[in-house]
Amino acid sequence: MCNKKFCCEKLEAFYRTDNGISLNFRIVKYIGSFREKMLLLNPKINDKGFIITSGYDKSVNDLETTRMVINYCPFCNQKLSDFYKSDDYVQETIG
Ligand SMILES: [Zn+2]
């Protein structure tokens, strides 16, 4: 955990926020049939998703989770897919 690097301290704080608490930032990885469906729509799409949620119980991808997919850090404008390439960052796999 401690050797992870983040684009900025603000996004790191949201990444480390627990699931159920207010806004948080999640990095997910799409696998299996879910991933295959995404590739049909866009063959170049990243296998990771960068998502802001308003807090959740079960899963980032649960229908009841209010979420927004982002491509750039809202604080420092880093392109997330360029910075967070390693699977070490993945908090949930969605398949
Ligand atoms: Zn940032």
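Keep in mind that this is a model prediction, so the values were computed, not measured. Along the sequence shown, residues carry numbers from 1.
Residue Y72 qualifies as open at atom OH: its count of foreign heavy atoms under 6.0 Å is 12 or below. Atom CG of D57 has 12 or fewer neighbouring heavy atoms from other residues, nucleotides or ligands inside a 6.0 Å radius.
V69 is connected to L39 through a chain of hydrophobic side-chain contacts under 4.5 Å among Ile, Leu, Val, Met, Phe, Trp and Tyr, so both are in one cluster. Taken together through direct or relayed side-chain contacts under 4.5 Å among Ile, Leu, Val, Met, Phe, Trp and Tyr, L80 and M68 form part of one hydrophobic cluster. No single ILVMFWY cluster, assembled from side-chain heavy atoms under 4.5 Å apart, contains both I27 and I31. When hydrophobic clusters are built by joining Ile, Leu, Val, Met, Phe, Trp and Tyr residues whose side-chain heavy atoms come closer than 4.5 Å, directly or via intermediates, Y15 is grouped together with F83.
Contact between N24 and I21 at its shortest, heavy atoms only, is ND2-O, 3.6 Å. The two residues N46 and M38 come nearest to each other via the heavy atoms O-CE, 4.0 Å. When all heavy atoms are compared, the tightest approach of S54 to L23 is CA-CD2, 4.0 Å. Of all non-hydrogen atoms in V60 and I51, the two that sit nearest each other are CG1-CD1, 3.7 Å. Counting all heavy atoms, side chain and backbone alike, G95 lies closest to S33 at C-OG, 4.5 Å.
Every residue meeting the ring-ring contact (aromatic ring centres under 6.0 Å, His included) condition with F14, not counting sequence neighbours, appears here in chain and number order: F75.
The shortest side-chain heavy-atom distance between P74 and L11 falls under the 4.5 Å cut-off. Side chains of F25 and T17 form no contact here, defined as non-hydrogen atoms less than 4.5 Å apart.
A salt bridge is absent between R35 and D47: the closest approach of a Lys/Arg side-chain nitrogen to an acidic carboxylate oxygen does not fall below 4.0 angstrom.
Judged as a side-chain hydrogen bond (donor to acceptor under 3.5 Å, both in side chains), the pairs with a partner in residues 59-71 (not counting sequence neighbours) are, in order, S59-E92.
Between the SG atom of C8 and the CD atom of E12 there is a distance of 9.0 Å, given to the nearest 0.5 Å. To the nearest 0.5 angstrom, E9 atom CD is 11.0 Å from R16 atom CZ.
In summary, the side chains of Y89 and K48 do not present any donor paired with an acceptor at a separation below 3.5 Å, with no hydrogens or angles considered.
Using cut-offs of 30° and 60° for the angle between ring planes, the F50 and Y84 rings count as tilted.
Not a single donor-acceptor pair under 3.5 Å links the side chain of R26 to the backbone N or O of I52.
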